[in-house]
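A quick write-up on the structure given underneath.
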Amino acid sequence: PDLDDPATDPLDVARAAADHIAEVSGVEGHDIALVLGSGWGGAAELLGDVVAQIPSHEIPGFAKPSVAGHLGTTRSIRIERADGSTRHVLVLGSRTHLYEGRGVRRVAHGVRTAAATGATTVVLTNGCGGLHISWRPGQVVLLKDHLNLTGASPLEGATFVDLTDLYTPRLRELAHQVDPTLPEGVYAQFRGPQYETPAEVRMAGLAGADLVGMSTTLEAIAARHCGLDVLGMSLVTNLAAGVSPTPLSHAEVLEAGAKAGPVISDLLARVVKL
Ligand SMILES: Nc1nc2[nH]c(I)nc2c(=O)[nH]1
């Protein structure tokens with residue numbers, strides 16, 4: 001079934017994708033799904049045994065990689081929990097951003113596929129710009145709510161979905177068991193691909209945003225529609241435009257990302273095992 005055909009039900013494509021994953025990986029059902037954003041790539045290796053690696057473009061509905069050579073690989077990982085039980089984690093390899101212009105169905109496809117595999121929780125991670133000078137590059141922030149400034153939705157038709165407690169309080173409490181110092185914030189998604197102007201960052205701040213990015217909110221809405229619990233975690237990669245009087249050096253951003261890598265990978269691995 002073709003996601004781009006309006007007559008196609010996106011959930012049928014998600015079902016086909018989940019069936020393909022089960023068939024190729026031999027894993028009948030997954031419990032939790034991870035979407036790894038900028039800076040979060042190293043987390044998968046720390047989680048557990050990689051049961052299967054599937055080139056994402058072989059899975060129904062996942063687009064051909066837009067960047068030549070950037071082959072998204074979807075992994076099925078078995079993790080051992082403290083109580084000895086095992087769980088299967090689906091690490092979605094390729095994330096489609098709204099700014100790629102491939103349509104909202106491809107943005108939401110990974111989350112819908114995860115739900116179709118049986119997962120009940122999705123962890124959405126991203127890199128973003130911070131609005132608070134005290135949140136330096138490398139800071140991890142738990143999402144407590146979002147502002148969808150894209151003007152888009154992954155939902156079609158009269159699909160009226162309540163988004164109260166979209167970022168599941170129980171999961172935020174679990175993350176705080178791992179690191180009680182984690183701040184919480186509101187994430188505003190701009191369509192992008194351009195970064196915000198200083199005036200747009202000020203506007204987002206006045207509207208209650210603490211972070212600005214170009215992903216996550218549409219995936220979270222689709223996750224709620226699929227009945228998934230959602231944990232959102234942002235890595236502040238840079239200070240948003242205009243927040244810092246001195247332009248951030250790219251070297252500082254790269255250095256902060258490299259330093260944060262092991263820390264956030266360990267955090268994510270510990271949260272997933274709870
Ligand atoms: N919109 C937006 N997205 C981002 N992604 C990253 I990494 N940094 C930013 C940022 O400053 N603004």
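For ligands, and for the atoms within them, numbers begin at 1 and follow the listed sequence. All residue numbers refer to positions in the sequence shown, counting from 1.
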Review point. Who pairs with Asp162 by side-chain contact (heavy atoms from CB on, under 4.5 Å), at least two apart in sequence or on another chain?
Key: Thr164, Arg224

Practice item. Evaluate the ring planes of Tyr99 and His97, with Trp represented by its six-membered ring, and classify them as parallel (under 30°), tilted (30 to 60°) or perpendicular (over 60°). Key: parallel

Check your understanding: Below 4.0 angstrom, N of the basic side chain to O of the carboxylate: do Asp4 and Arg106 qualify?
Key -> yes

Review point. Within a strict 4.5 Å, meaning less than it, do heavy atoms of the Thr86 and Ile79 side chains meet?
Key: no

Review point. Is Val178 linked to Leu34 within one hydrophobic cluster, defined over Ile, Leu, Val, Met, Phe, Trp and Tyr using a side-chain heavy-atom separation of less than 4.5 Å?
Key: yes

Practice item. Run the salt-bridge test on Arg75 and Glu45 with the 4.0 Å N-O cut-off and return the result as yes or no. Key: yes

**Study point:** Within the 4.0 Å heavy-atom sphere of ligand 1, strictly under, residues
**Key:** Gly127, Cys128, Gly129, Tyr195, Glu196, Val212, Gly213, Met214, Thr237, Asn238

